[in-house]
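Have a look at the structure below before the remarks.
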Number of protein chains: 2
Amino acid sequence: MTSILIVGAGAVGALFGSALARQGAQVSVVCRSDYDIVAREGYDITSPLLGNHRFYPHAVFKSVAECKTPPDYLILTTKVLEGVDRAALIRPAVGPRTVIVLIQNGVDIEAEIATAFPENEILSGLAIVGVGRSAPGMVNHQTMGQLNLGRYPNGASPAAERIAALLNGAGIGCKVTDNVVGARWQKAVWNATFNPISITGGMLDTAIMLGTPESTAFIQRAMEEVCAVAGAAGYPMHPKVIEQFIGGTKAMPPYHTSMALDYKYGRPMEIEAILGNTVRAARKHGVDTPILETLYAVTKMIEARIRADR
Amino acid sequence: MTSILIVGAGAVGALFGSALARQGAQVSVVCRSDYDIVAREGYDITSPLLGNHRFYPHAVFKSVAECKTPPDYLILTTKVLEGVDRAALIRPAVGPRTVIVLIQNGVDIEAEIATAFPENEILSGLAIVGVGRSAPGMVNHQTMGQLNLGRYPNGASPAAERIAALLNGAGIGCKVTDNVVGARWQKAVWNATFNPISITGGMLDTAIMLGTPESTAFIQRAMEEVCAVAGAAGYPMHPKVIEQFIGGTKAMPPYHTSMALDYKYGRPMEIEAILGNTVRAARKHGVDTPILETLYAVTKMIEARIRADR
């Protein structure tokens, strides 16, 4: 039986964990903030894909160190935040054959883990899913539900195929890619632009950000900068990617980015993982990204203001 | 006797108007929002320079058209806002020999008036004064109190010297310059950077904006862009201007920019006069200003969001 430990099991982790358990995996979770209720009652999940149900993990741990047997897979679903040492966080449960799966936002987020665990296989995953925590232990899955998964830094992976088979079997679309870093860069074209822009001046939704030809042209220029960085890093983007992202966003009802929601609710924002790492890659490869640099400078000031206000 | 009409007599107009009246000028005002109380009771002014006193204008008008005799000087102290036709506003009171004095923020704000009144002398003025309206008809002058005044587009002006003599006589320092456009560009180095940055992500004060070496370096690069535009427009800045502005700002207690206060209180912001005109001058002269363009795009989105929230 495949054993899986989900670390930082919030909404995304609980949803995928439940799907994996349904296909027969032995799924345990490390869950700090909602520990009491999850240990007692499991997760209460509403989902159009999995149905409304309760998910009882095999074991519920308050910390990683409580997991005494290294799992076959350790899935990390925490936010990627400045000052949080993810390698130290997971180390107590990583055995020599544990496959480490990062289902997290941002670009260039894998190297830190790969360096810390040079012998372990690293899988990198991009979740495309609208799911949130509506109350302690309650997971509200609203739309979509897909995972793009691949071996870091690239290549085929039977371990990824096994996870994909389980998820697909449960009704969650999971695609295995041999170019997951390229997939991260593609996602960054949207994420590293709309997210930081959305938190300037209070919260800006997608309709405001694409509200005029001038603002749309500005977003396009920002996206061109991300594409230039991706290309310099060895992951050239398809020429139509910007057009498709902007067209796709315009076609949706106005909505708030994940960073705007974090901003609104006073939660930590993934500025470094999403934008800071993009800017650092640009500097490393000598790509001029004045729009992204401006957004980075301003969003760091916003973070400083929030810290000062506390 | 010198007749003066102050149009848009808020805090700045009332303070300067009172000083001019004290030196014997016949000062009338056009005052829309506080008309009733000012017509009845004049202005209640507290000021370290002029003392605490009441200022009774020669006449108080509700609109410019009510002023039937063109004044020697028409001083315009309104904000410069998109969609407000300043030439149409003042036209009813402008006679063939009326000197038009613009005491307003921004760069490139004179051409519109000079074009509309090609026969009239235009004076352009920069107020350096900490003064606000604390209640209807009440003017609270806190710090500083200086006016830099000059003929537009340049050159000597006996008319400016007369105004300066009156203000200096009343204790308000007034310097006449033959390069007032250059003075406006110099002020824009501060204004077109700190002001728009300060309204991103809620309100950022000067301590946050200059809080780290990275944020300070960012402000410097933004200021360098304004200096490059000024130079291309024919007004080269002194090489030390950026250093002096940043040093001077750091030496002050943390404070909020005028645009941040407008943002906080839901008042119209002078984004076009201060930043938009700078960006348009850059485009006209072929100067690349990606930081200013980014700030301009973002602040226009903020304006759109505020409009949408109403």
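Every chain is numbered from 1 and lettered A, B, ... according to where its sequence line falls, protein lines coming before strand lines. What you see is a predicted model; the values in this text were computed from it and never measured.
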Charged N to carboxylate O below 4.0 Å: is that the case for [X] and [Y]?
X: B:Arg305; Y: A:Asp205; result: no
X: B:Asp262; Y: B:Lys79; result: yes
X: A:Lys300; Y: A:Glu82; result: yes

Need one label for [X]: side chain, backbone, both or neither, based on atoms under 4.5 Å from any heavy atom in chain A.
X: B:Ala308; value: side chain
X: B:Tyr296; value: neither
X: B:Ile291; value: both

Using a cut-off of under 4.5 Å on heavy-atom pairs, state which of [options] scores highest against chain A.
options: B:Ile306, B:Asp288, B:Thr200; value: B:Thr200
options: B:Leu295, B:Thr212, B:Leu204; value: B:Leu204
options: B:Val298, B:Ile197, B:Thr299, B:Asp309; value: B:Val298

Among the listed options A:Glu293, A:Arg221, A:Met301, the residue most often paired with chain B at heavy-atom distances under 4.5 Å: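 Option with the greatest count: A:Met301.
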Validation row: B:Met237, B:Gln186 side chains within 4.5 angstrom (heavy atoms): yes
Side chains of B:Pro196 and B:Met269 in contact at under 4.5 Å (non-hydrogen atoms):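 Answer no - side chains too far apart.
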Within 6.0 Å of CZ in A:Arg267, more than 12 heavy atoms from elsewhere: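 For A:Arg267, atom CZ is crowded (more than 12 foreign heavy atoms under 6.0 Å).
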